[in-house]
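What you are looking at is a predicted structure, and each value in this text was computed from that prediction instead of being measured. Chain identifiers are assigned alphabetically (A, B, ...) following the order of the sequence lines, protein sequences preceding nucleic acid strands; residue numbering begins at 1 within each chain.
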Amino acid sequence: MNRAGPPNGGGEGTEQRADAEGAGRPSGGDAKGTKKHLAAGNSGPPSGGAEGTEQRSAAENSEPPNGGDAERAPGPATPEGASGRVRGARRPPPGGPAPTPPPTPLSTPALRTAHRRTAHPVAWWGWALLLATAAGRTANPCLLLLIVAVAGLVVAYCRGSEPWSGAYRVFLAIGLTAVAVRFAFYLVFGGADGPTVLFTLPAATLPDWAAGFRLGGAVTAEGALAAAYDGLRLATLLVCVGAANALASPRRLLRSVPAALYEVSVAVVVALSVAPQLVASVGRVRRARALRGNTRRDPADLMRTVVAPVLHDALDRSLALAAAMASRGYGRAAGVPPAARRATGAALLVGLTGLCAGAYALLGAATPAPLAWGVLAAGAGAAVFGIAYASKRVPHTRYRPDRFTGRDWAVLASGAAALAGTVLSGLTEPAALWPATNPLAVPALPLQAAAGVLLAAAPALLVPATPKGTP
Amino acid sequence: MGVEAPRPAVRWRAALALALAAGFGLVAMSWPLLAAPGGALTETTSGPWLFALLLPLVTAAVVVQLADGGLDARAVAMLGVLSAVVAAVRPFGAGAAGVETVFFLIVLAGRVFGAGFGFLLGCTGLFASALLTGGVGPWMPYQMFAAAFVGLGAGLLPRTGTATRAGRAGELVLLAVYGAVSALVYGLLLNLSFWPFAIAHGNLAYVPGGGLGENLPRLLAYTLATSLGWDLGRAVTTAVLIAVTGPLLLRVLRRAARRANWE
């Protein structure tokens with residue numbers, strides 16, 4: 001979405017608009033700022049040489065107006081990622097630094113491939129959510145395990161070496177915990193019954209004022225199996241989400257946020273960059289404290305001599321950053337005409353009202369279900385339209401837009417195949433999707449669903465694995 | 001107090017959007033209790049998942065309405081830095097049962113910077129922390145939404161005089177009590193949102209179409225069995241953290257708010 005057009009709202013804000021290159025490049029001899037950014041910037045590795053130098057934000061090379069802060073808060077946080085969008089990028093500032101021809105990062109094929117390394121994060125999330133929806137429509141353990149295996153295969157093939165790439169394993173552990181918790185609940189509080197008693201726990205019945213539940217009692221094979229199937233379903237859903245966490249880069253995801261949420265996404269990007277700096281700041285303050293001979297450990301003293309300086313430092317840094325951003329036109333009320341703002345507001349409010357009314361209509365029995373669902377859908381549509389319309393009105397450009405390519409659509413389609421297969425199986429052989437646990441039976445594998453889930457493994461072939469060391 | 005600069009003002013449209021979102025969130029979280037027998041929601045299994053998907057949309061709509069016309073750069077920077085602090089202190093609470101180190105910050109910041117800022121901080125703080133730890137799960141929309149309303153409520157609390165010692169103490173007590181209550185409600189609502197998924201059979205499970213009389217005792221028993229200890233721990237730690245760190249943090253935040261008033 002390369003919308004570089006200046007806002008149609010009069011000349012206001014012209015001088016507040018910053019040139020993309022001018023803001024993104026150290027304007028003179030500020031190589032220190034660059035190094036600082038790369039060294040202290042992020043938890044993740046600096047994303048590729050080209051991006052590291054290109055996407056420096058306005059904050060780097062700026063002198064905040066309240067001069068004293070410049071020394072204390074060196075190199076404020078850099079809204080990397082979202083700094084790709086700068087208002088009115090085509091217009092150089094009237095009196096700004098002389099615009100030198102911008103280095104064209106996409107011209108060399110090597111950089112192009114470095115940028116297009118893995119599928120779009122939205123595609124990964126869509127793929128994972130479709131797979132999770134497929135998992136939610138079945139309780140067949142074979143199919144669920146197949147989904148877990150497919151997700152694991154794709155993660156093993158396509159993940160990079162970023163800090164978040166280990167999320168799949170973490171979510172696998174969470175899923176196993178969910179199965180264990182479900183099982184413990186079954187043992188203590190009971191569940192589905194059956195004739196095959198495995199063993200009997202000592203039982204106790206709570207008094208009536210405590211709802212009269214029975215604790216313990218007979219543990220049956222059927223009940224245990226039902227609990228295990230149910231737990232496995234939840235675990236599979238969680239594992240699918242974990243796969244999305246491992247595959248999708250959060251920084252790239254933030255660049256795909258609708259333009260209407262621009263300010264908030266900048267805040268999140270600032271947060272992602274500042275968090276590691278806070279850790280460094282704590283270390284610095286504690287070192288200085290130790291050098292002053294203060295090694296006391298009581299919390300009150302720590303509050304006063306560690307927490308307070310770190311917070312002061314962080315907040316002062318945020319002010320310096322704000323000054324730098326304001327001087328380059330970030331976070332300014334752009335020239336959106338009042339009529340457009342009113343239209344946006346109306347669409348959003350109508351959407352929210354529809355969602356609210358639909359949700360309440362779904363609760364009661366008075367409204368027929370199709371009407372309630374329709375109101376809910378209409379509300380959601382109006383809200384989406386409002387956000388999209390607001391995004392259209394925001395005169396931001398996207399620097400190096402992250403486009404949705406054919407491969408990303410293929411990733412999405414492979415996820416949709418899993419869901420389609422499960423839906424087909426649900427129409428033709430619903431018994432295989434929801435295997436009976438009473439009487440005990442070996443669950444059969446529903447063929448269409450299994451074929452669909454296997455198709456969802458296609459990203460492992462489509463998307464190249466990231467070479468080690470170049471995330 | 002003269003603390004106006006980084007406060008995103010809540011205009012009437014944003015206030016209306018917030019009210020509507022609160023209504024939707026109430027249904028999205030507590031539908032197991034509110035769904036009447038024979039209602040459309042009890043006849044289907046996909047409804048709850050739909051709520052989990054619609055909640056981010058509602059949150060986004062409210063945030064767009066709150067940021068209408070552009071947030072001030074100072075608010076954006078302050079939001080970013082405080083979200084980083086939230087994300088940085090959150091792991092301290094993850095290890096120990098029931099120790100919650102997020103709320104006191106959101107409550108204090110919401111108090112100083114206002115309701116709109118508190119709402120945004122609840123969203124961005126938990127979002128940033130989820131992104132940093134790779135913990136974007138189905139629970140995240142609910143957590144963001146609930147934490148956002150915790151911050152909003154903190155900004156809406158009545159003002160107390162900060163000039164006198166008694167006024168400051170009264171403010172701390174007010175905030176601590178609010179923190180404890182909101183932490184308990186937060187725990188109950190999150191429990192409620194996850195309850196139908198966490199357990200499907202047995203005495204503690206949600207009964208579709210059971211109505212309030214059938215499901216409320218089950219929910220209470222479920223809360224008692226699973227999370228009451230955690231919720232109490234969260235309430236106590238929030239109140240204690242507010243009482244202990246409140247004087248310092250309120251001073252630091254108010255100083256930052258004053259300094260941000262450079263125009």
Side-chain angles (χ1 to χ4, degrees), chain A residues 77 136 164 167 185-186 189-192 211 213 226 230 234 241 245 250 260-261 263-264 266-268 270-272 274-275 278 303 308 311-312 314-315 318-319 321-322 325-326 330-334 341 345 348-349 351-353 355-356 359-360 362-365 369 372 380 383 386-387 390, chain B residues 13 16-17 20-21 23-24 27 31 34-36 38-41 47 49 54 57-58 60-61 63-65 67-74 76-81 83-85 87-88 120 124 127-128 131-132 134 136-138 197 199-204 217 221 248 252 256 259-260 262:
Chain A
W164 55 82
F185 263 103
Y186 168 66
F189 295 103
F213 293 144
D230 221 45
L234 188 63
V241 175
N245 270 304
L261 291 170
E263 277 98 357
V264 180
V266 168
V268 173
V270 169
L272 292 187
V274 166
L278 277 178
M303 276 287 294
L311 266 180
H312 273 298
L315 290 173
S318 89
L319 289 184
L321 173 67
M325 283 164 60
Y330 275 84
R332 277 284 160 185
R341 281 174 57 182
L348 287 177
L349 288 181
L352 284 174
T353 313
L355 282 170
C356 222
Y360 277 96
L362 281 178
L363 286 180
I387 293 175
Chain B
R13 267 196 299 242
L16 188 59
L20 286 170
F24 182 84
V27 180
W31 61 270
L34 299 176
L41 209 52
W49 298 104
L54 284 179
L57 176 67
V58 170
V63 168
V64 167
Q65 192 65 93
D68 178 33
L71 283 178
D72 191 273
R74 284 160 288 180
V76 171
M78 200 70 83
L79 201 56
V81 168
S83 305
V85 177
L120 291 176
T124 54
F127 189 56
L131 286 187
L132 276 175
V136 182
F197 308 116
I199 179 163
H201 305 289
N203 288 331
L204 302 188
L248 178 84
V252 171
R259 285 169 51 92
W262 69 58

### Task
With a 4.5 angstrom heavy-atom cut-off, could you sort out which part of A:L355 is near chain B: side chain, backbone, both or neither?
both
### Task
List in chain and number order the residues that pass ring-ring contact (aromatic ring centres under 6.0 Å, His included) with B:F127, two or more places apart in sequence or in another chain; answer none if no residue qualifies.
none
### Query
Which atoms form the tightest heavy-atom contact between B:G80 and A:V270, and what is the distance?
CA-CG1, 3.8 Å
### Query
Who wins among B:L79, B:L57, B:T124 for the most heavy-atom pairs under 4.5 Å with chain A?
B:L57
### Query
If every non-hydrogen atom of A:A314 is compared with every non-hydrogen atom of B:V81, which pair is closest and at what distance?
O-CG1, 3.5 Å
### Query
So do the side chains of A:L319 and B:M78 get within less than 4.5 Å of each other, counting heavy atoms only?
yes
#### Entry: Smallest separation among heavy atoms of A:C356 and B:G23, with atom names
SG-C, 3.8 Å
### Query
Are the side chains of A:Y360 and B:V27 in touch, meaning some heavy atoms are under 4.5 Å apart?
yes
### Summary
Pair count under 4.5 Å, heavy atoms only, with chain B: among A:V264, A:V241, A:L349, highest is A:L349
## Note on the structure
Turns out that what part of A:L278 lies under 4.5 Å from chain B's heavy atoms comes down to side chain
### Shortest non-hydrogen contact between A:A271 and B:S83, atoms and distance
CB-CB, 3.6 Å
### Residue B:A88 versus chain A: region with a heavy atom under 4.5 Å
side chain
### Query
What part of A:I387 is in contact with chain B, defined as an atom under 4.5 angstrom from a non-hydrogen atom: side chain, backbone, both or neither?
side chain
